[in-house]
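A short worksheet on the structure shown next.
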Protein chains: 4
Amino acid sequence: MDISPDNRTHRTKGSETAARVRGAALRLFAQNGYAAVSMREIANEVGVRPGALYNHFSTKQDLLKHLMLSHMAALMEAWHHQLGNPSASDPLDTFVRFHIRYHLDRADEVFISYMELRNLEPQNFKQVETERRKYEAILTGILEAGSKAGVYAVEDAKVTTRAIIAMLTAIPSWYRDNGALSRQQIEDLYSTMVRKSVAPGLPYEPRENG
Amino acid sequence: MDISPDNRTHRTKGSETAARVRGAALRLFAQNGYAAVSMREIANEVGVRPGALYNHFSTKQDLLKHLMLSHMAALMEAWHHQLGNPSASDPLDTFVRFHIRYHLDRADEVFISYMELRNLEPQNFKQVETERRKYEAILTGILEAGSKAGVYAVEDAKVTTRAIIAMLTAIPSWYRDNGALSRQQIEDLYSTMVRKSVAPGLPYEPRENG
Amino acid sequence: MDISPDNRTHRTKGSETAARVRGAALRLFAQNGYAAVSMREIANEVGVRPGALYNHFSTKQDLLKHLMLSHMAALMEAWHHQLGNPSASDPLDTFVRFHIRYHLDRADEVFISYMELRNLEPQNFKQVETERRKYEAILTGILEAGSKAGVYAVEDAKVTTRAIIAMLTAIPSWYRDNGALSRQQIEDLYSTMVRKSVAPGLPYEPRENG
Amino acid sequence: MDISPDNRTHRTKGSETAARVRGAALRLFAQNGYAAVSMREIANEVGVRPGALYNHFSTKQDLLKHLMLSHMAALMEAWHHQLGNPSASDPLDTFVRFHIRYHLDRADEVFISYMELRNLEPQNFKQVETERRKYEAILTGILEAGSKAGVYAVEDAKVTTRAIIAMLTAIPSWYRDNGALSRQQIEDLYSTMVRKSVAPGLPYEPRENG
DNA sequence: TATGAATGAGGGTTCATTCAT
DNA sequence: GATGAATGAACCCTCATTCAT
């Protein structure tokens, strides 16, 4: 299943139905979980009979794979686009803000991408996992470079990556558009927290604990 | 009335089954997700026919509810027990280490408790959510107290709570017993990161970003 | 399964539970139908676990058979007792009033006896059917005797029996204790109708009809 | 668009299945009772897998409702059609003969309609009950009109309606095509009985009874 | 007698998927 | 592309019944 852009040609008419199927599946999978959503529900949401779905996706699994791979592709593309607009700011700050923004904009995609990994068949899992690792490698790279330059104090860049990503990725699970904090405030809070967490010059020593 | 030793096996056979059902469900739900696990699979794992499960749990949903509520109860009890062994150390450090240890010991319970929330029927969800909030309130309290005392610099204790909990709770998702880092090392790393993230005296100012 | 009275001895203690089981089954079968009532429901109603029912009745079918056979036995006994108090009145009138009274007093038994015949296993069905025929034979006898004596005009005593019994037996299905008609009024109405339906001297001729 | 003759078989295959499901359910419900018949049995009878039934009826209950409502509708339509062929005969006689004929022709529908009322969910029960009352109102109307005209002597037209309908409706429960009495003879017998039961000029007085 | 736990069968229903039209 | 109907497997759950205690 190829999702690279230049391969789109064979779906020239664009199949509006296919897009609506993706949309419905995205929302329903995010809301109720892949295993708990039936093809019938998706079809209902689209306004079509279940059989029609199979004109666009060969299986339910294929639908999930599409959603996850195209999310990862879009995420990577967005990051590369972001890099095209270089800012003078700290790259960690840039990454944190980018991640928060993107993940708040695509809450459903993000949620699925983290929750439904185990419902991917092994081969599909591998593909998605590869993409995910590439994304996380971006942050690891930033941390390692900053660490080498003495800007950050990071003991284990991979673990730190996981910690930061986990922290940030959870935001959409509680963020509400009309909540107490604006997106900007959340960005600021988390950016501060993250940068402090890897700040040098704070000689916290590991210590024993009972 | 009965003094023969081997008859205890009969007396307790029932509750033993219930315990084994909980155990099997716990493992299977954690591995494959609530919706993807059938009562037949659980019964097979326990070595019993599916109908027998219903002597111990009235529905599959009831089984999930039990797992989640008893996890939360055990977690709270463990924390209160921990408080009984007071240490001179920083309470944030104590909490972080406690959380990591407990969550690495109960990876399945933790995983279910975060992943299967949406599969709880509303009434059960409310109960579990109440317990979860009580637990998170512990950390929020620590942060607020430390903040007031000037030991921590925290802008929004509730958001910080969520960030820290998310960070810590993700650990069991990648930790492996024979992995690169020992539990102690992980504790140390995360404790350092968390304490730095709320450390005062680090003049990271929120800044504008496009 | 013997229900003759002198055989009661082997159930000397009377087993109050057995009686309560019969009572609960009677009500539930009448209300929801034999097939739709579970042994669990009966047990619940009695306040006992399902297994305990089998100390009193060997199967669900056995319970039904008991209810139906003992109803028929009681009905016959009541009729014979009624004959012991001879009245000067017309025997058809006597039968109609007896039937109405008895059936209004034992609505559940009657209902079951007519509705659940098909749920009896063949051998049990035969027993109950035999009893039912004996009861209907009473009315047929009355009609035949009266017919021979010229008091009634009946073309086919067996068909007339069925017609009258059907008419009377339906009463409990709509009768309500606080309804528009008293029991006495119903008795009077039906007695009049029945006696007129077999009255001689009304030369209604069978006729063609399109 | 399609003019080939043999393609009509495909077009109507679906509705044919629905009709065969109704037919099988009708026979089986009448024979064994709604609660005792499984969807699997119906499917077997139709020659289809159980799941296929749900393409035509959403639930077993829905199937029962359909059977009962369409029976009532057909009955009412048949009566109105009968009214279109006016006969010079007594309307009570007309009704009785109509009822007997229709009910002997549709023994299964009739049987179900009287036996399975209690297995209808409340909302469906209400619908069917409404139709039944409309049908009974026909007879009540005949009795009231004849009573007012002095042709019949009826004390309570509603009770008399119930009595007559019960009497007539029971016929299919014992009628056999090769039995002792022909349909015509049964019609004649019951018509005579019914008309005598409401005949005026028969001075049967209600009387006391102990 | 009553219980708790189990069984084996089967209940109604839904599932992803196929396919002729 | 979409539909209606079908399949075969599986779903959660309940059933009557048994039996050691």
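Chain A is the first sequence line, chain B the second, and so forth, proteins listed ahead of strands; every chain is numbered from 1.
- Mapping G47(C) and Q61(D) onto DNA chain E by nearest heavy atom places G47(C) at the nucleotide closer to the 5' end.
- Of the two residues contacting DNA chain F, namely L53(A) and P50(C), the nearest-nucleotide position lying further toward the 5' end is that of L53(A).
- For the OP1/OP2 pair of dG1(F) and a distance below 4.0 Å, the side-chain nitrogens and oxygens of T17(A) include no atom meeting the criterion.
- Taking every heavy atom of both residues into account, A35(A) and A35(B) meet most closely at CB-CB, 3.7 Å.
- For H71(D), there are no ring-ring contact (aromatic ring centres under 6.0 Å, His included) partners, not counting sequence neighbours.
- Closest heavy-atom contact between M39(B) and T59(B): CE-C, 4.4 Å.
- In this entry the distance linking CG of N119(A) with C1' of dA16(E) reads 15 Å, nearest Å.
- Judged by a 6.0 Å distance limit and a 45° cone about the ring axis, R22(B) is not positioned over the six-membered ring of F57(B).
- In this structure, the CD1 atom of I42(D) is 15 Å from the C1' atom of dG10(E), given to the nearest Å.
- Each of dT17(E), dT3(E), dT17(F) was ranked by its minimum atom distance to the side chain of R40(A); first place goes to dT17(E).
- When atom types are taken as modelled, the side chain of K60(B) and the backbone of V37(B) share a donor-acceptor pair closer than 3.5 angstrom.
- Following rounding to the nearest Å, H56(C) (NE2) and dT3(E) (C1') show an atom-to-atom distance of 13 Å.
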Would you write the dot-bracket representation of DNA chain E, where each base gets (, ), [, ], | or . depending on whether it forms a Watson-Crick or G-U pair under 3.5 Å and with which partner? .||||||||||||||||||||

Side-chain polar contacts of residues 25-33 of chain B - donor-acceptor pairs under 3.5 angstrom, sequence neighbours left out - could you list them?
{"unit_1": "R27(B)", "atom_1": "NH1", "unit_2": "E45(B)", "atom_2": "OE2", "d": "2.4"}

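- The salt bridge (charged side-chain N to carboxylate O under 4.0 Å, His left out) contacts involving residues 32-41 of chain B comprise nothing, where partners must be two or more places apart or lie in separate chains.
- Taking the side chain of R49(C) as heavy atoms from C-beta on, and the options dT3(E), dA6(E), dT18(E), the nearest nucleotide is dT3(E).
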N/O donor to acceptor pairs below 3.5 angstrom from side-chain atoms of residues 120-128 of chain B, sequence neighbours left out:
{"unit_1": "N124(B)", "atom_1": "ND2", "unit_2": "Q61(B)", "atom_2": "OE1", "d": "3.1"}

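- Both tests do not hold together for R118(D) against Y34(D): distance to the six-membered ring centre under 6.0 Å, angle to the ring axis within 45°.
- No hydrogens or angles considered: nothing links the side chains of T17(B) and H56(B) as a donor-acceptor pair under 3.5 Å.
- Nearest-nucleotide mapping onto DNA chain E: of A52(C) and E41(A), the residue sitting toward the 5' end is A52(C).
- Distance from the side chain of Y54(A) is smallest to dT18(E) among dT14(F), dC15(F), dT18(E).
- At the phosphate of dA16(F), neither OP1 nor OP2 sits under 4.0 Å from any side-chain N or O atom of T59(C).
- Taking atom CG on N55(C) and atom C1' on dG4(E), their separation rounds to 14 Å, with Å as the unit.
- Residue S38(C) has a polar side-chain atom (N or O) positioned under 4.0 Å from OP1 or OP2 of dC15(F).
- The distance between atom CG of N44(B) and atom P of dG8(E), rounded to the nearest whole Å, is 13 Å.
- Look at CG on L64(A): it is 13 Å from P on dA16(E), rounded to the nearest Å.
- Atom-to-atom, CE of M39(B) to C1' of dG11(E) comes out at 16 Å; the value is rounded to the nearest Å.
- Candidate nucleotides dC15(E), dA5(F), dG1(F) were compared by shortest atom distance to the side chain of S15(A), and dG1(F) ranks first.
- Following rounding to the nearest Å, D62(A) (CG) and dA16(E) (P) show an atom-to-atom distance of 14 Å.
- For DNA chain F, no neighbouring residue in residues 27-36 of chain C is found when judged by any heavy atom under 4.0 Å.
- The residue V37(A) sits close only to the backbone: its heavy atoms come under 4.0 Å of sugar-phosphate atoms, none of a base.
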